[in-house]
**Q** 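Following this message is one structure expressed as structure tokens.
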Amino acid sequence: MRRSKLLFVPLWVTYVFLYLPIVVLVVMSFNAGESAYTYEGFSLKWYGELAADERVRNGLINTLIVAVGSTAIATVLGTLLAVGLARHSRSKALDALALMPAVLPDLVLAIGLLLFYGVIALTLGHYSVILAHALFSMAFVAAVVRTRLSGADTSLEEASRDLGAGHVVTFMKITLPQLAPGIVAGALLAFTLSLDEFVIAFFTIGNAEPTLPIVIYSMIRFGVTPKINALAAILLLVSFVAVIAGQRLTRIGEARRAEG
């Protein structure tokens, strides 16, 4: 019994190593002092300064535009890709190719997209970032929806086609409702990835107004301040809520599938 308890020590050490810096960041975002490293009392003033910072507001607006646009594209294309791979293809090579953007280093993908935009003479801007983020996020959406598809009831689709419904009607009325929890979870994941992504946006945005991660990068070049800690804490909260919501929707879908 004693040996089995000792096995949990590396686990908790790993958790502390991963999450203690995040806890420190959140605590220091409520620091009343000017230093990002010395806690001088509780205060919300840095959150108020964030709301008054025009660079942060503009960066947030640009980030939301990019995140919403890329999420919409990635969700549609990722869902269709997952259905195509699961229902109409059994090629492992295509499966690997579909997931390639998710496993490639961000730097490699960013440089490749920048070169591709140059070859096709596409002017860089927010739309180029939206397309880049959609390509990056589409693989994650496809993976989430593919997992949902693996447990979907195909007998309903077969019955629909036997009764005379076409492929489009069957997809819209039978397949899509079954995949809805997975699609929403994939969309939330894509939105979170786009919200926090820096490298690809930095390479593909050109001279357009920067997104929030790029604004943060420009701010920390002159040192970390409690204002940056407050901004990071807000982004952390948004990402945490989105991930938890995605997991909750996935569990709800699995529970309904088990009941059915």
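As a basis for the values below, the full set of heavy atoms in this structure was taken, side chains included, without hydrogen atoms, waters or symmetry mates.
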**Q** Got a second to check how far L179's CG is from T147's OG1, nearest 0.5 Å?
**A** 11.0 Å

**Q** Would you check if the side chain of T75 reaches a backbone N or O of A72 as a donor-acceptor pair within less than 3.5 Å?
**A** no

**Q** Which residue is it: T211, L124, N62? I am looking for the one with a side-chain contact (heavy atoms from CB on, under 4.5 Å) to I205.
**A** T211

**Q** Hey, quick one: are V56 and I220 part of the same hydrophobic cluster, counting side-chain heavy atoms closer than 4.5 Å, chains of contacts allowed?
**A** yes

**Q** Applying the 4.5 Å side-chain criterion to the ILVMFWY set and letting contacts propagate, would Y117 and I214 be lumped into a single cluster?
**A** yes

**Q** Check the surroundings of atom OH in Y15: do more than 12 heavy atoms from other residues, nucleotides or ligands lie under 6.0 Å from it?
**A** no

**Q** Do you know the tightest heavy-atom contact between A139 and A102?
**A** CB-CB, 3.8 Å

**Q** Could you walk me through whether H133 and S194 pass the side-chain hydrogen bond (donor to acceptor under 3.5 Å, both in side chains) check?
**A** CA-CA 6 Å; H133 281 190; S194 179; 2.8 Å; yes

**Q** Just verifying a value: how many Å separate L235 CG and F240 CZ, rounded to the nearest 0.5 Å?
**A** 15.0 Å

**Q** Which atoms form the tightest heavy-atom contact between V16 and P21, and what is the distance?
**A** O-CD, 4.0 Å

**Q** Do H126 and E209 make a side-chain contact, defined as non-hydrogen atoms from C-beta onward lying under 4.5 Å apart?
**A** yes

**Q** May I ask you to test the F136-L113 pair for a side-chain heavy-atom distance under 4.5 Å?
**A** no

**Q** Would you please indicate yes or no on a ring centroid separation below 6.0 angstrom for F30 and Y47?
**A** yes

**Q** Using side-chain heavy atoms (C-beta onward) and a distance below 4.5 Å, is V141 in contact with M138?
**A** no

**Q** Do F203 and L107 have side chains that approach each other closer than 4.5 Å (heavy atoms only, starting at C-beta)?
**A** yes

**Q** Can you name the closest pair of heavy atoms from S128 and T204 and give their distance?
**A** OG-O, 2.5 Å

**Q** Assigning hydrophobic clusters by single linkage (Ile, Leu, Val, Met, Phe, Trp, Tyr; side-chain heavy-atom cutoff under 4.5 Å), is V108 placed with V129?
**A** no

**Q** Quick one: do V68 and V241 end up in the same hydrophobic cluster if we chain Ile, Leu, Val, Met, Phe, Trp and Tyr together by side-chain heavy atoms under 4.5 Å apart?
**A** no

**Q** Using a 6.0 Å cut-off, check whether atom OH of Y127 has over 12 heavy atoms from anything other than its own residue.
**A** yes

**Q** Can you tell me if S137 uses its side chain to pair, donor with acceptor, with the backbone of A134 under 3.5 Å?
**A** no

**Q** Which pair of non-hydrogen atoms, one from N31 and one from W46, has the smallest distance, and what is that distance?
**A** O-NE1, 2.7 Å

**Q** Would you call F202 and E197 a side-chain contact if the rule is heavy atoms closer than 4.5 Å?
**A** no

**Q** So how far is it from I228 CD1 to L50 CG, rounded to the nearest 0.5 Å?
**A** 9.5 Å

**Q** Looking at every heavy atom in both I200 and A110, which two are closest together, and how far apart are they?
**A** CA-CB, 3.8 Å

**Q** Look up atom CZ in R146 and atom CG in L85, then write down how far apart they are to the nearest 0.5 Å.
**A** 5.0 Å

**Q** For the residue pair L212 and L231, establish whether any side-chain heavy-atom pair is separated by less than 4.5 Å.
**A** yes

**Q** My understanding is that only residues two or more places apart in sequence, or in another chain, count here; which of them pass side-chain contact (heavy atoms from CB on, under 4.5 Å) with F17?
**A** none

**Q** Would you kindly confirm whether I65 and L135 end up in one hydrophobic cluster when ILVMFWY residues are joined by side chain heavy atoms under 4.5 Å apart?
**A** no

**Q** Show the nearest heavy-atom pair for residues L195 and T63, with the distance to one decimal.
**A** CD1-CG2, 3.4 Å

**Q** Let me confirm one number: the CG-CZ distance from L131 to F116, rounded to the nearest 0.5 Å.
**A** 9.5 Å

**Q** Should V27 and F42 count as side-chain neighbours, where that means a heavy-atom distance under 4.5 Å?
**A** no

**Q** Calculate, to the nearest 0.5 Å, the distance between atoms CG and CD1 belonging to L237 and I234 respectively.
**A** 8.5 Å

